[in-house]
Number of protein chains: 4
Amino acid sequence: MTAPLRLGMVGGGEGAFIGDAHRKAAALDGRWRLVAGCFSSDPANSARTGVMLGIDPDRCYVDHHAMAAAEAARADGIDAVAICIPNWLHAPVSKAFLDAGIHVICDKPLTNTVADAEALIATASETGRLLIPTYTYSGYTMAREARRMIAEGAIGAVRAVHVIYLQDWLASPIERDGQKQAAWRVDPTLGGQGGVLADIGTHAYHLATFMTGLRAIALCADVVTEIAGRPVPDNANVWLRFEGGARGALAVSQTAIGHANDLSVRIHGEKGSLHWRQEEPELLVHDDISGGRRILRRGGTAVETPARLPPGHPEGYYEAFGGLYADAAEAIRSGAAATPTLPTAADGLAGMHFIEKSIVSASRSGAWLDL
Amino acid sequence: MTAPLRLGMVGGGEGAFIGDAHRKAAALDGRWRLVAGCFSSDPANSARTGVMLGIDPDRCYVDHHAMAAAEAARADGIDAVAICIPNWLHAPVSKAFLDAGIHVICDKPLTNTVADAEALIATASETGRLLIPTYTYSGYTMAREARRMIAEGAIGAVRAVHVIYLQDWLASPIERDGQKQAAWRVDPTLGGQGGVLADIGTHAYHLATFMTGLRAIALCADVVTEIAGRPVPDNANVWLRFEGGARGALAVSQTAIGHANDLSVRIHGEKGSLHWRQEEPELLVHDDISGGRRILRRGGTAVETPARLPPGHPEGYYEAFGGLYADAAEAIRSGAAATPTLPTAADGLAGMHFIEKSIVSASRSGAWLDL
Amino acid sequence: MTAPLRLGMVGGGEGAFIGDAHRKAAALDGRWRLVAGCFSSDPANSARTGVMLGIDPDRCYVDHHAMAAAEAARADGIDAVAICIPNWLHAPVSKAFLDAGIHVICDKPLTNTVADAEALIATASETGRLLIPTYTYSGYTMAREARRMIAEGAIGAVRAVHVIYLQDWLASPIERDGQKQAAWRVDPTLGGQGGVLADIGTHAYHLATFMTGLRAIALCADVVTEIAGRPVPDNANVWLRFEGGARGALAVSQTAIGHANDLSVRIHGEKGSLHWRQEEPELLVHDDISGGRRILRRGGTAVETPARLPPGHPEGYYEAFGGLYADAAEAIRSGAAATPTLPTAADGLAGMHFIEKSIVSASRSGAWLDL
Amino acid sequence: MTAPLRLGMVGGGEGAFIGDAHRKAAALDGRWRLVAGCFSSDPANSARTGVMLGIDPDRCYVDHHAMAAAEAARADGIDAVAICIPNWLHAPVSKAFLDAGIHVICDKPLTNTVADAEALIATASETGRLLIPTYTYSGYTMAREARRMIAEGAIGAVRAVHVIYLQDWLASPIERDGQKQAAWRVDPTLGGQGGVLADIGTHAYHLATFMTGLRAIALCADVVTEIAGRPVPDNANVWLRFEGGARGALAVSQTAIGHANDLSVRIHGEKGSLHWRQEEPELLVHDDISGGRRILRRGGTAVETPARLPPGHPEGYYEAFGGLYADAAEAIRSGAAATPTLPTAADGLAGMHFIEKSIVSASRSGAWLDL
């Protein structure tokens with residue numbers, strides 16, 4: 001019965017995809033109210049967006065430094081800011097808000113380099129503010145249920161993990177036809193060197209560690225550019241070794257025609273296995289060594305992770321994203337303590353190591369590298 | 001770039017299911033802002049709910065008559081009210097707001113009797129206000145896409161429709177154990193005589209007519225009470241004849257174990273067929289007489305009905321519900337004109353006829369009755 | 001370690017579908033050897049077929065009466081004959097072999113009329129020979145497993161059954177283009193009055209009674225001809241009442257585009273439900289009231305009905321058909337005693353009643369008729 | 001209209017799995033008749049099996065050398081022999097029959113070492129006899145249809161292949177409990193060093209090259225033994241490079257609980273992609289860059305590879321196996337010329353290279369090795 005927290009946003013102007021998703025996610029459970037924003041580098045766009053969203057014009061900014069300063073100075077200033085802008089701006093903009101004492105909820109990958117990520121984490125640590133990378137898919141109820149089940153021993157010690165994440169929107173060189181989302185992602189100075197590794201590989205990697213509860217300790221990679229002339233990879237295979245000995249095989253591609261957002265995680269343990277797919281997120285397949293296959297369904301009586309809706313009333317992407325915002329609200333209210341499921345700054349850094357080491361491994365003909 | 005409309009709510013206090021869904025649906029697209037409510041007949045509950053939702057205490061009412069009068073008198077009064085209370089209250093509460101000149105968005109079934117529905121529609125007509133029954137499932141993108149495809153001739157003239165809607169939450173007599181949702185639904189004085197016909201049959205019936213674009217002209221029913229002693233039916237089979245000659249077979253049950261909210265519509269035409277399932281709402285199966293099965297996916301290039309998210313990022317129940325609120329906003333803004341997809345008061349009345357005629361038909365050993 | 005039984009065949013000449021299926025089914029488990037046949041009314045076709053099959057020319061007949069007489073007279077004469085010819089010939093040809101003391105394995109429907117079926121059963125009874133209608137789908141391992149589970153109480157008392165059987169090969173009037181399979185089926189003098197009820201309805205009806213173990217005691221039907229000018233129905237809905245009170249809703253169509261041979265049975269009981277689909281025959285979905293959905297797989301440890309292959313190595317139509325031939329061999333070896341799963345002559349007669357009563361019910365606007 | 005070919009068998013005594021499958025596969029299409037056998041090293045078992053199968057006692061042998069000699073000497077001697085015995089016996093027994101001028105249909109892997117395979121192929125070449133390894137899964141209609149489609153350019157140049165083959169029957173050390181199938185497979189002297197690579201990896205590898213029509217030119221492997229103390233690997237990941245530049249990621253495991261025989265091949269090309277699963281073999285998913293997903297079904301009008309049964313009447317494992325025997329009959333009849341789809345001795349040798357190079361690569365920390 002407490003009042004909502006106050007949220008600011010950088011990015012998310014007219015026509016933006018991920019900023020709109022952040023807003024819907026934050027609004028979903030009533031724990032946040034969007035009260036300030038610097039929605040676009042184009043002042044007119046930013047202003048129009050503010051009007052549409054009912055933001056007080058005084059809190060509709062054109063410069064993120066001004067926004068950080070002004071909000072930090074207000075008694076009713078924002079509790080946290082959502083950073084919804086291309087990768088290369090994550091580090092400097094996040095730093096400005098952390099320095100102003102404002103919690104940061106930042107899109108992934110956390111930064112464009114490991115070095116930037118380390119510096120940003122240092123800032124977060126010094127300021128005591130949260131730095132939360134939005135590994136959205138870990139917000140799905142059944143991905144969380146899988147994590148809980150594994151932690152409680154439902155499948156025994158993990159032996160092997162198969163993570164496949166396939167998309168097809170970069171199956172043609174659409175970046176050359178002015179598609180903006182594609183253009184910055186395949187430009188190494190804007191989206192980083194990682195290409196597919198940064199854009200979706202980090203999601204896949206985080207989810208594998210999130211669901212298993214295991215840290216990866218080494219990797220070996222094969223990284224490929226399918227589309228001739230594209231300066232970043234669009235297809236990669238990465239093998240992982242986890243603490244305790246489990247092996248992982250991760251495959252990501254953005255040129256796999258017919259696969260919209262096909263993220264699939266199979267985890268095999270000594271006593272059973274689990275399989276979860278993002279495109280059918282309500283279900284979790286549990287195979288037990290005794291021979292039975294159970295289909296667990298979000299909201300069902302056998303599932304302990306709480307949900308908003310009863311089973312059969314599908315929840316989806318916004319609801320998963322909302323799970324992160326709900327966790328963030330809880331973490332901030334409890335004094336910036338982490339919740340068990342909220343992605344941490346360390347998770348963001350791990351993602352940067354995953355990207356950079358994969359590229360190095362592939363350049364050395366698939367050498368195994370410690371993480 | 002216009003400001004959101006103002007929404008009031010009757011019902012939706014702490015612990016309520018459907019009121020919360022109405023709120024999330026209304027919030028989703030930013031077209032509505034909840035500003036007033038009479039959330040519970042318990043004043044303390046209503047007040048607590050208002051605080052949690054950030055409602056001005058002055059606009060947190062304990063009596064819906066007072067609310068209708070006060071809001072009608074305000075310059076910034078609500079544009080519409082959401083009615084989220086048990087069936088037997090739909091008619092009187094809706095009437096109060098219509099009489100006050102406020103548009104009504106009302107849960108289904110519209111009322112408890114055909115007579116009540118007819119009276120309420122007369123009121124709406126006299127006042128020129130919208131009376132919108134929330135046939136939620138018609139808000140799904142791919143249900144709407146099916147309607148569009150059929151209207152444009154994708155499967156030719158419709159020959160046959162199979163609608164199956166199965167739930168299992170009433171598979172045991174939980175109404176005797178104090179389950180509130182169950183208790184009023186199986187009490188004829190509160191939920192009406194229809195039981196399963198009212199609770200989910202009206203959804204199935206509406207969807208069949210919505211997707212095909214055809215009016216049903218006759219029915220024949222077999223209505224059953226599986227749970228001994230339950231005063232309303234929990235299982236029913238209804239055959240339909242549509243204008244133009246198509247036949248329908250509708251089966252609904254709330255005692256079908258393992259089926260959470262399993263609403264499935266198959267429409268067979270002279271040139272092809274379509275199949276849509278609510279529990280997998282992103283997909284629409286299109287079979288063409290030439291022999292190919294296509295799987296259409298929300299957001300995909302072959303799909304014309306617009307969506308919020310790209311394919312592979314699942315939308316679900318709240319998003320479907322949000323589709324109705326988006327339509328309602330558009331209808332109100334355009335002067336209470338209907339949109340092609342928004343359920344009408346006439347649709348609400350048709351649902352009441354479906355319930356009552358099914359019961360009569362079954363009582364006459366399956367006589368065919370005109371609708 | 002006994003020698004195979006000797007099989008004869010009437011029908012199954014070059015280009016025939018079902019005769020070839022009978023042969024493969026009989027060969028599968030090594031319990032039968034085809035040694036005689038009257039494969040076609042065209043002597044040249046019959047002779048060519050015999051050569052191809054390695055049949056002794058002396059046992060390749062052009063007349064079924066001659067065949068029955070000659071085989072009955074041989075010391076090494078056939079143990080049984082497979083009748084694989086159009087419906088209108090089932091009765092006279094079966095009678096000829098029964099009269100000669102030879103067991104009969106006959107395609108369904110058993111005959112073209114109830115009267116013919118009753119006469120044929122009388123002959124079987126007098127001669128003490130088996131008369132086995134090939135309700136093929138009851139030969140699937142998991143359909144049998146469902147029967148076993150229900151008999152042992154796995155889902156409690158059955159409340160409701162939904163059987164849907166959809167095909168699309170008659171979605172156009174192909175009988176007018178010389179398609180032979182279609183031509184005789186839609187000619188009432190050759191295929192009977194039943195049309196879709198005879199061709200696939202009898203399968204659906206038998207499977208509902210086979211899997212539930214319940215006898216149907218009444219029906220109510222709506223029978224439709226979708227294709228203008230077709231003299232038999234191609235679409236039908238039939239409601240059933242079973243002994244004990246369970247209800248059934250059966251829907252069959254041969255004009256449902258995109259459905260090749262889509263036979264689906266859902267059985268809902270007081271404690272759980274089962275769902276089986278012929279097009280995915282290896283799986284049986286079991287929902288329990290406790291909330292879990294189990295997917296049972298042929299060959300798996302939780303399944304008691306024996307199978308030829310381990311799970312994951314798909315069995316299909318021929319293997320199901322082979323199940324009937326295996327049962328038939330066992331029944332003959334044990335002195336013409338029925339096995340629990342082998343279809344009986346009484347099952348064949350029940351199918352004829354189903355056809356005829358459905359047509360009468362529909363002609364009386366859906367009157368309920370006792371079975 | 002020609003007579004069946006004559007088949008002999010080594011192995012396949014009482015209780016054997018794969019020998020029985022060979023027999024059913026050979027019997028299916030009537031192109032083969034089993035007339036001789038050396039079914040077991042136990043003379044009594046061999047004799048009993050012969051009786052059960054109706055084999056002339058004179059042609060029921062206890063020694064495969066005797067069998068090869070005797071059959072070669074008969075005017076009506078066998079045309080080919082099926083070798084259905086553990087891996088370590090493949091080479092010597094096959095050689096005996098090739099030397100006797102008899103075609104060999106041999107289970108995979110072809111031998112236990114590359115050297116043995118090379119020697120055996122030399123023998124086949126010298127004698128002019130066929131040496132056919134039974135890569136059964138390439139006999140499925142829709143796997144063949146995928147090959148045909150790719151060859152005809154349906155998905156453009158292949159970019160990437162994902163092959164996953166998971167089983168669970170070795171998820172526990174059942175070889176220590178006397179399970180015979182497991183015992184010889186995990187004994188390097190009987191089943192070879194390859195373990196999972198030999199038992200199922202060769203199937204996966206062959207299918208990837210068969211369906212794409214591409215030769216693999218290099219590999220990199222990670223090979224693991226999950227079950228402590230098991231002397232051969234039971235889990236492996238292998239990356240492939242194909243001629244033309246396509247990449248492959250192959251994952252095989254026999255400890256993946258819940259996966260019975262889960263072989264899945266995804267092939268991504270410049271214009272589309274294909275997905276086929278052995279456990280659902282009737283379907284082939286075709287995604288086209290234009291945006292549509294088509295589900296192709298065996299027997300359907302859009303499918304050119306011929307089938308025995310119309311769509312919706314499932315074919316399975318025996319039918320796939322029968323596809324190889326049909327091809328073998330055709331190849332023998334046409335003078336030992338290869339058919340486009342029949343696995344060749346060279347395919348068998350390629351499988352041996354796959355096994356040995358994978359083990360070497362893994363031992364060198366994932367070095368890329370030329371094939």
Side-chain angles (χ1 to χ4, degrees), chain A residues 1-4 14 17 20-21 23-31 33-34 47-54 136-137 140 165-169 181 258-263 277-283 295 297-301 308-322, chain B residues 1-4 14 17 20-21 23-31 33-34 47-54 136-137 140 165-169 181 258-263 277-283 295 297-301 308-322:
Chain A
M1 225 178 68
T2 50
E14 286 178 351
F17 163 61
D20 184 61
R23 284 196 291 263
K24 287 181 162 66
L28 194 66
D29 293 320
R31 290 188 177 86
R33 182 159 294 176
L34 182 68
R48 281 196 309 272
T49 304
V51 170
M52 188 185 68
L53 296 169
T136 319
Y137 304 114
Y140 277 105
Y165 193 170
L166 305 178
Q167 294 185 333
D168 66 0
W169 68 292
Q181 296 284 335
H259 297 265
N261 197 34
D262 193 356
L263 169 56
R277 282 188 67 226
Q278 191 273 150
E279 292 193 355
E280 213 169 8
E282 303 281 271
L283 305 179
I295 309 293
R297 185 197 286 259
R298 184 195 53 71
T301 53
R308 295 171 191 84
L309 281 168
H313 299 73
E315 289 189 6
Y317 180 81
Y318 293 131
E319 289 73 31
F321 215 147
Chain B
M1 225 178 69
T2 50
E14 286 179 350
F17 163 61
D20 185 60
R23 284 194 292 263
K24 287 179 163 64
L28 194 67
D29 293 320
R31 290 189 177 86
R33 183 159 292 176
L34 182 68
R48 282 197 308 273
T49 304
V51 169
M52 187 184 70
L53 296 169
T136 318
Y137 304 113
Y140 277 105
Y165 194 169
L166 304 178
Q167 295 186 332
D168 67 1
W169 69 292
Q181 296 285 333
H259 297 265
N261 197 34
D262 193 355
L263 169 56
R277 281 189 66 226
Q278 191 273 149
E279 292 193 354
E280 214 169 8
E282 302 280 271
L283 306 178
I295 309 294
R297 185 197 285 261
R298 184 195 52 72
T301 54
R308 296 172 191 84
L309 282 167
H313 299 73
E315 289 190 4
Y317 180 81
Y318 292 131
E319 289 73 31
F321 215 147

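Order of the sequence lines fixes the chain letters, A, B, ..., with proteins taken first and strands second; residue numbering starts at 1 for each chain.
- Your options are B:Gly299, B:Gly316, B:Ala260, and the one with the most heavy-atom pairs under 4.5 Å with chain A is B:Ala260.
- Within the 4.5 angstrom heavy-atom criterion, only backbone atoms of A:Leu53 (N, CA, C, O) approach chain B.
- Contact of A:Tyr137 with chain B is made through the side chain alone, with heavy-atom distances under 4.5 Å.
- Of the atoms belonging to A:Glu280, it is side-chain heavy atoms, and not backbone ones, that fall under 4.5 Å from chain B.
- Comparing B:Glu282, B:Lys24, B:Glu315 by how many heavy-atom pairs each has under 4.5 Å with chain A, the most go to B:Lys24.
- With B:Pro310 as the fixed residue, the side chain to side chain contact (heavy atoms under 4.5 Å, CB included) test singles out one of A:Trp169, A:Phe17, A:Tyr317: A:Phe17.
- Counting heavy-atom pairs under 4.5 Å between each of A:Arg297, A:His313, A:Glu279, A:Glu319 and chain B puts A:His313 at the top.
- For A:Pro311, the parts lying under 4.5 angstrom from a heavy atom of chain B are both the backbone and the side chain.
- Closest approach of B:Gly312 to A:Gln278, counting heavy atoms only: O-NE2, 2.7 Å.
- For chain A, no part of B:Phe321 is nearby; none of its heavy atoms comes within less than 4.5 Å.
- Heavy atoms of A:Arg33 lying under 4.5 Å from chain B belong exclusively to its side chain.
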